[in-house]
A.B. asks: 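Dropping a structure here in structure tokens format, bear with me for questions.
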Protein chains: 2
Amino acid sequence: MRIADYFRKYKLFWLYGGSMALLLAVLKWMELKYIVYSHAFEIYAGLIALLFLGLGIWFSRKLTRPQVETRIVEKPVYIAASTPFIRNEQACTDLGLSERELEVLELMAAGFSNQEIAGRLFLSLNTVKTHAARLFEKLEVQRRTQAVEKGKRMGLIP
Amino acid sequence: MRIADYFRKYKLFWLYGGSMALLLAVLKWMELKYIVYSHAFEIYAGLIALLFLGLGIWFSRKLTRPQVETRIVEKPVYIAASTPFIRNEQACTDLGLSERELEVLELMAAGFSNQEIAGRLFLSLNTVKTHAARLFEKLEVQRRTQAVEKGKRMGLIP
DNA sequence: GATAAAATCACCCGAAAGTATGAAGCTGTT
DNA sequence: AACAGCTTCATACTTTCGGGTGATTTTATC
């Protein structure tokens with residue numbers, strides 16, 4: 001592990017230690033220079049005060065969890081109108097639509113009658129009606145045209 | 001203005017001054033008690049460090065604007081993709097569609113029943129049926145779902 | 001193997017949609 | 001005025017659609 005990694009891991013320790021060392025070095029240097037004999041204590045106190053003021057600020061900023069405010073923003077989801085149709089699987093599962101019901105919906109949207117849909121899917125007319133009824137129930141509509149309209153709007157069909 | 005109000009207004013000043021006064025009082029008391037002669041400087045430094053550490057933390061918390069982290073939660077709102085619809089006028093005239101017939105077609109596409117369309121356009125049910133019949137004739141379809149499908153495909157309706 | 005969900009089909013009834021035909025009024029144009 | 005086209009409405013009839021109910025079979029899941 002490189003020194004930089006150690007620094008990152010024990011950031012607080014290094015900062016603290018480094019600051020202290022720097023402070024002592026400065027004081028020793030001043031002592032050596034015979035500058036601060038008379039006001040040594042005041043300078044000491046001031047430096048310590050500064051150091052810990054900064055440390056306190058740094059601490060507070062670092063250790064205080066950012067206040068999270070969850071803001072619900074309604075974001076319109078535009079369904080790509082043209083080409084590569086991507087079915088809104090989420091909506092499909094949310095509505096609990098089955099495979100057959102979706103097939104019926106697609107053929108409805110294509111303009112086929114129940115009889116024609118029955119022919120295409122090799123079902124009896126009654127079965128198609130049952131699928132259609134369930135579909136309407138799940139989509140909360142009364143007519144096939146409504147189902148088609150809602151299906152398109154929700155991205156269930158192209 | 002009461003003292004409490006002054007305190008609120010100049011909070012920082014009072015806190016700072018109060019702390020300093022308290023610190024000096026404590027030190028003087030300790031001096032008087034002959035307790036801290038030998039370690040006076042270390043105690044001084046420690047107290048100053050503590051004081052300013054707290055001050056720094058308080059400062060930071062007080063003067064830093066609360067960090068608001070906005071978390072966007074996407075909520076799907078199903079709306080009709082608003083692609084600026086441009087009616088295929090050419091196709092309209094080619095087919096010889098009348099104004100009324102187009103209106104009926106639009107409402108059909110929206111999923112309305114003949115009865116509802118009649119209500120919206122202030123017509124009798126029979127009239128709507130007549131328009132629908134002519135529409136189907138001109139579009140060469142048999143059912144309303146087919147008309148809607150063909151209408152969309154030909155750009156007659158959005 | 002029990003259970004649940006989906007898929008399949010049937011029957012009935014009423015409502016909605018579609019077909020056919022006729023007719024009257026209201027535009028514009030020639 | 002005559003004509004064509006659009007709009008409006010009506011009546012009668014047929015077909016399709018949708019709702020309700022019930023049943024059997026298949027498939028998936030635990």
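For clarity, every value in this text was computed on a predicted model and none was experimentally measured.
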A.B. asks: If you find the nucleotide of DNA chain D closest to A:Thr145 and the one closest to B:Lys129, which residue's nucleotide is nearer the 5' end?
C.D. replies: B:Lys129
A.B. asks: Would you kindly give the CD-to-C1' distance between B:Glu99 and D:dG5, to the nearest whole Å?
C.D. replies: 14 Å
A.B. asks: Out of C:dT19, D:dC17, D:dT7, which nucleotide sits closest to the side chain of B:Phe136?
C.D. replies: C:dT19
A.B. asks: Hey, which of these two, B:Arg143 or B:Leu123, hits DNA chain D nearer its 5' end, going by closest nucleotide?
C.D. replies: B:Leu123
A.B. asks: Going from CG on B:Leu121 to CG on B:Leu107, what distance comes out if it is rounded to the nearest 0.5 angstrom?
C.D. replies: 5.5 Å
A.B. asks: Measure from CD on A:Gln115 to C1' on C:dA17 and round the result to the nearest Å.
C.D. replies: 16 Å
A.B. asks: Does C:dA17 have OP1 or OP2 under 4.0 Å away from a side-chain N or O of B:Arg144?
C.D. replies: yes
A.B. asks: Other residues, nucleotides and ligands only: do more than 12 of their heavy atoms fall within 6.0 Å of CD on B:Glu89?
C.D. replies: yes
A.B. asks: With a cut-off of less than 4.0 Å, is there a side-chain N or O of A:His131 near OP1 or OP2 of C:dA7?
C.D. replies: no
A.B. asks: What contact category does B:Thr127 fall into here, base, sugar-phosphate, or nothing, at under 4.0 angstrom with non-hydrogen atoms?
C.D. replies: base
A.B. asks: A:Phe112 has an atom CZ; how far is it from atom P of D:dT16, in whole Å?
C.D. replies: 15 Å
A.B. asks: From CG of A:Leu135 over to C1' of D:dG19, roughly how many Å is that when rounded to an integer?
C.D. replies: 15 Å
A.B. asks: Where do B:Ser124 and B:Thr127 land on the side chain to side chain donor-acceptor pair (under 3.5 Å) test, with the steps shown first?
C.D. replies: CA-CA 5 Å; B:Ser124 85; B:Thr127 306; 3.1 Å; yes
A.B. asks: As an exercise, state the distance from CG of A:Asn114 to CZ of B:Arg143, rounded to the nearest 0.5 Å.
C.D. replies: 9.0 Å
A.B. asks: What is the separation between atom CG on A:Leu97 and atom P on C:dA5, rounded to the nearest whole Å?
C.D. replies: 16 Å
A.B. asks: By nearest heavy atom, map A:Gly96 and B:Leu125 onto DNA chain C; which one lands nearer the 5' end?
C.D. replies: A:Gly96
A.B. asks: Using a cut-off of strictly less than 4.0 Å, decide whether B:Thr130 has a side-chain nitrogen or oxygen near OP1 or OP2 of D:dC9.
C.D. replies: no
A.B. asks: How many whole angstroms separate atom CG of B:Leu139 from atom C1' of C:dA17?
C.D. replies: 16 Å
A.B. asks: Specify the separation, in whole Å, of atom NZ of B:Lys138 and atom P of D:dG5.
C.D. replies: 10 Å
A.B. asks: Between P on D:dT15 and CD on A:Glu116, what's the gap in Å once rounded to a whole number?
C.D. replies: 15 Å
A.B. asks: Using 0.5 Å steps for rounding, measure from the NZ atom of A:Lys150 to the CG atom of A:Leu135.
C.D. replies: 11.0 Å
A.B. asks: Taking 4.0 Å as the cut-off, does a side-chain nitrogen or oxygen of B:Asn126 come that near to OP1 or OP2 on D:dC9?
C.D. replies: no
